[in-house]
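Here's the structure, in structure tokens; my notes come after.
A, B, ... follow the sequence lines: proteins, then strands. Residue 1 opens every chain.
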Amino acid sequence: NAGVTQTPKFRILKIGQSMTLQCTQDMNHNYMYWYRQDPGMGLKLIYYSVGAGITDKGEVPNGYNVSRSTTEDFPLRLELAAPSQTSVYFCASSTPAGEQYFGPGTRLTVT
Amino acid sequence: GESVGLHLPTLSVQEGDNSIINCAYSNSASDYFIWYKQESGKGPQFIIDIRSNMDKRQGQRVTVLLNKTVKHLSLQIAATQPGDSAVYFCAENMDSSYKLIFGSGTRLLVRP
């Protein structure tokens, strides 16, 4: 199992550009999550999904969108990048028991 | 609002000693708690979890203690090793979807 994979690893965006952060898991988990982590801080939940076709907002959803067309994939979309979205983004998926497995992260800089 | 926090931002211990990392939570309805370890440049890695119907759970070299009376969680690492140096986060469960609220983290430094 590859676990949770994320692409790209790094990205620099100009203000106003858009991009999609990809996340794939091969563990057949129903639950998937997107977090952002600012320097020296904990993780904050952006969006989550409890199954294909179902998504919901977390703590900090503004400026982001998600979709969940398959069990495996949970892409995160930034439509109009802003400097405040400079962060490290982690995708995770969880077992029915709740243990979350994290991907390696995407480091995004918006200038 | 509800939050999870940590008492000590940085903990420095001698190799071989035991480490104790503490966490306070404020949501009395939370029923699931997890400790994660995050090494530099990597995603969080699951260490151990505990449910609210337990007050202690042991893993390999790690023990989590839960005190629901004072809403306190701790992670004990026995015989701390250099490879244990990382940032440790506690997290609590918000609801049945297993959304987690993370604390801000404690950095553990192991002195050789």
Q. Taking the inter-plane angle between the rings of B:Phe46 and B:Tyr36 on a 0 to 90° scale, is it parallel (under 30°), tilted (30 to 60°) or perpendicular (over 60°)?
A. perpendicular
Q) Between B:Gln38 and chain A, which part of the residue has a heavy atom less than 4.5 Å away: side chain, backbone, both or neither? A) side chain
Q) Can you name the residues of residues 102-111 of chain A that have some heavy atom under 4.5 Å away from a heavy atom in chain B? A) A:Phe102, A:Gly103, A:Pro104
Q. B:Thr80 side chain to B:Asp17 main-chain N or O, any donor-acceptor pair under 3.5 Å?
A. yes
Q) Are B:Lys68 and B:Asp55 ion-paired here, with the side-chain N under 4.0 Å from a carboxylate O? A) no
Q | Interface moiety of A:Gln37 toward chain B, non-hydrogen atoms closer than 4.5 Å | A | side chain
Q.
I'd like to know if A:Asp38 and A:Arg36 make a salt bridge, using a cut-off of under 4.0 Å between side-chain N and carboxylate O.
A. yes
Which atom pairs, donor and acceptor, lie under 3.5 Å between side-chain atoms of residues 15-24 of chain A and protein residues at least two apart or in another chain?
residue, atom, partner, partner atom, Å
A:Gln17, OE1, A:Lys14, N, 2.7
A:Ser18, OG, A:Arg77, NH2, 3.2
A:Thr20, OG1, A:Arg77, NH1, 2.9
A:Thr24, OG1, A:Asp73, OD1, 2.7

**Q.** A:Ser49 side-chain N/O to A:Gly51 backbone N/O, donor-acceptor pair under 3.5 Å
**A.** yes
Q) In terms of heavy-atom contacts, does CE of A:Met27 have more than 12 from other residues, nucleotides or ligands at under 6.0 Å? A) yes
